[in-house]
Structures are given as C-alpha cells and as structure tokens.
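One structure is given here, and the rest of the page talks about it.
Keep in mind that this is a model prediction, so the values were computed, not measured. The figures here come from the full heavy-atom set of this structure, side chains too, leaving out hydrogens, waters and symmetry mates.
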Amino acid sequence: MRPGPIPSVEPGDAAARLAEPDAPLLIDVRERDEFDTVRIADAVLVPMSELQARAGELPERPLLVYCHSGGRSMAATNYLRALGRDATNVTGGIVAWSRAGLPVRTGAPIEGEGSLPAASR
C-alpha cells in the first residue's frame with residue numbers, strides 16, 4: 001500500500017460493507033476483557049498486543065479494523081497497510097458504532113466467537 005492518509009470509514013458505512021456478499025473481515029484490536037464485555041457480531045479478536053505476531057493469520061481479503069474509540073485501530077490499520085494489506089479504520093470504534101444505533105453483543109462470548117472463520121484458516 002502507498003503511504004498517505006489512513007483510510008477510515010464511518011460506522012454506518014462499515015456496517016453496510018459488512019452486509020455485502022464479499023464483505024471485508026472485521027478485526028477487533030481491543031484486549032480480551034474488552035471483547036468479553038461488548039463486541040460487534042462476527043468480529044475476529046486480534047488484540048493490539050498480539051497483532052504483530054498474528055498478522056500473518058489474517059486472510060488475504062479487505063479488513064475493517066476497530067477498537068474502543070479509534071486510536072488503537074488507527075495504529076493497527078497503519079501497521080497492516082505497511083504490510084501491504086487492504087485495511088480500513090472504523091472511525092470512533094465501538095463507541096461510535098453503538099452511538100450510531102448499530103447492534104452489539106454483550107456478555108460472555110459463545111464458544112468460538114472472536115476466532116477466525118474456519119474457511120479463513
């Protein structure tokens with residue numbers, strides 16, 4: 001990817017992209033305890049603290065990246081783009097997602113929630 005501004009998308013536009021047939025993969029870069037409290041359905045958990053070690057696990061498809069309020073996801077998006085990945089930051093993170101009235105999941109995750117889809121491994 002070329003250096004330059006980090007591409008970002010508003011939560012409503014991110015939700016629309018996630019509903020498309022060839023949807024990007026949604027990556028949550030918050031830590032496990034944050035994910036366990038509230039998360040976006042179908043997000044893959046790759047905490048910022050593990051991103052460098054786990055970036056190679058991510059499939060070759062567009063990525064949407066979010067965190068709590070946008071700071072960590074901006075840094076993660078920048079890192080992934082430096083690796084040549086098609087990554088876009090979700091502006092404002094899960095806080096803005098929730099404020100936009102978009103659905104979130106709360107409480108303990110079900111088994112496998114946050115893991116890469118089997119077809120991506």
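Checked by atom type and distance alone, the side chain of Asp28 never pairs as donor or acceptor with a backbone atom of Leu45 at under 3.5 Å. Under the 3.5 Å distance criterion, the side-chain polar atoms of Arg61 are matched with a main-chain donor or acceptor of Ala23.
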Trace of the side chain to side chain contact (heavy atoms under 4.5 Å, CB included) decision for Glu10 with Val90: CA-CA 6 Å; Glu10 294 296 324; Val90 178; over 6 Å; no
From CA spacing to verdict: side chain to side chain contact (heavy atoms under 4.5 Å, CB included), Tyr66, Val29: CA-CA 6 Å; Tyr66 82 95; Val29 296; over 6 Å; no
Side chain to side chain contact (heavy atoms under 4.5 Å, CB included) evaluation trace for Leu64 with Leu25: CA-CA 6 Å; Leu64 290 177; Leu25 184 64; over 6 Å; no
Criterion side chain to side chain contact (heavy atoms under 4.5 Å, CB included) on Leu18 and Asp42, from CA distance to verdict: CA-CA 10 Å; Leu18 291 169; Asp42 300 322; over 6 Å; no
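A chain of hydrophobic side-chain contacts below 4.5 Å, direct or via other Ile, Leu, Val, Met, Phe, Trp or Tyr residues, connects Leu26 to Leu102. At a threshold of 4.5 Å between side-chain heavy atoms, the hydrophobic network of Ile, Leu, Val, Met, Phe, Trp and Tyr places Val38 and Trp97 in one connected group. Hydrophobic cluster membership differs between Phe35 and Leu116, with clusters built from Ile, Leu, Val, Met, Phe, Trp and Tyr side chains linked at under 4.5 angstrom. Clustering ILVMFWY residues whenever any of their side-chain heavy atoms sit less than 4.5 angstrom apart, transitively, puts Leu58 in the very cluster that holds Leu83.
For the pair Thr88/Ile6, no side-chain contact is recorded, criterion being any heavy-atom separation below 4.5 Å from C-beta on. Arg85 is listed as a side-chain neighbour of Leu63, based on a closest heavy-atom distance under 4.5 Å.
The shortest heavy-atom contact between Ser8 and Thr91 is CB-OG1, 3.4 Å. Of all heavy-atom pairs between Cys67 and Gly71, the closest is SG-N, 3.6 Å. Here the shortest heavy-atom pairing between Val65 and Ser73 reads O-CB, 3.5 Å. Here the closest non-hydrogen pair linking Ala55 and Leu80 is CB-CD2, 4.2 Å. In plain terms, the two heavy atoms of Val44 and Ser115 that are nearest each other are CG2-O, 3.7 Å. In terms of heavy atoms, Arg39 sits closest to Pro109 at NH2-CA, 3.4 Å.
Taking CD1 of Ile40 as the reference point, atom CD1 of Ile27 lies at 11.5 Å (rounded to 0.5 Å). To the nearest 0.5 Å, atom CG of residue Asn89 and atom CZ of residue Arg81 are 11.0 Å apart. Between atom CD of residue Glu113 and atom CG of residue Asp36 there is a gap of 9.0 Å, rounded to the nearest 0.5 Å. Atom NE2 in His68 sits 8.5 Å away from atom CZ in Arg30 (nearest 0.5 Å).
Heavy-atom neighbours of Asp33 CG from other residues, nucleotides or ligands within 6.0 Å: above the threshold of 12. Within 6.0 Å of atom CD in Glu50, more than 12 heavy atoms from other residues, nucleotides or ligands are found, so the atom counts as buried in its surroundings.
Comment: Arg54 engages Glu57 in a salt bridge, judged by a side-chain N to carboxylate O separation of less than 4.0 angstrom. Taking a cutoff of 4.0 Å between a charged side-chain nitrogen and a carboxylate oxygen, Asp13 and Arg17 do not qualify as a salt bridge.
Residues passing the side chain to side chain donor-acceptor pair (under 3.5 Å) test with Arg72 are Glu34, sequence neighbours excluded.
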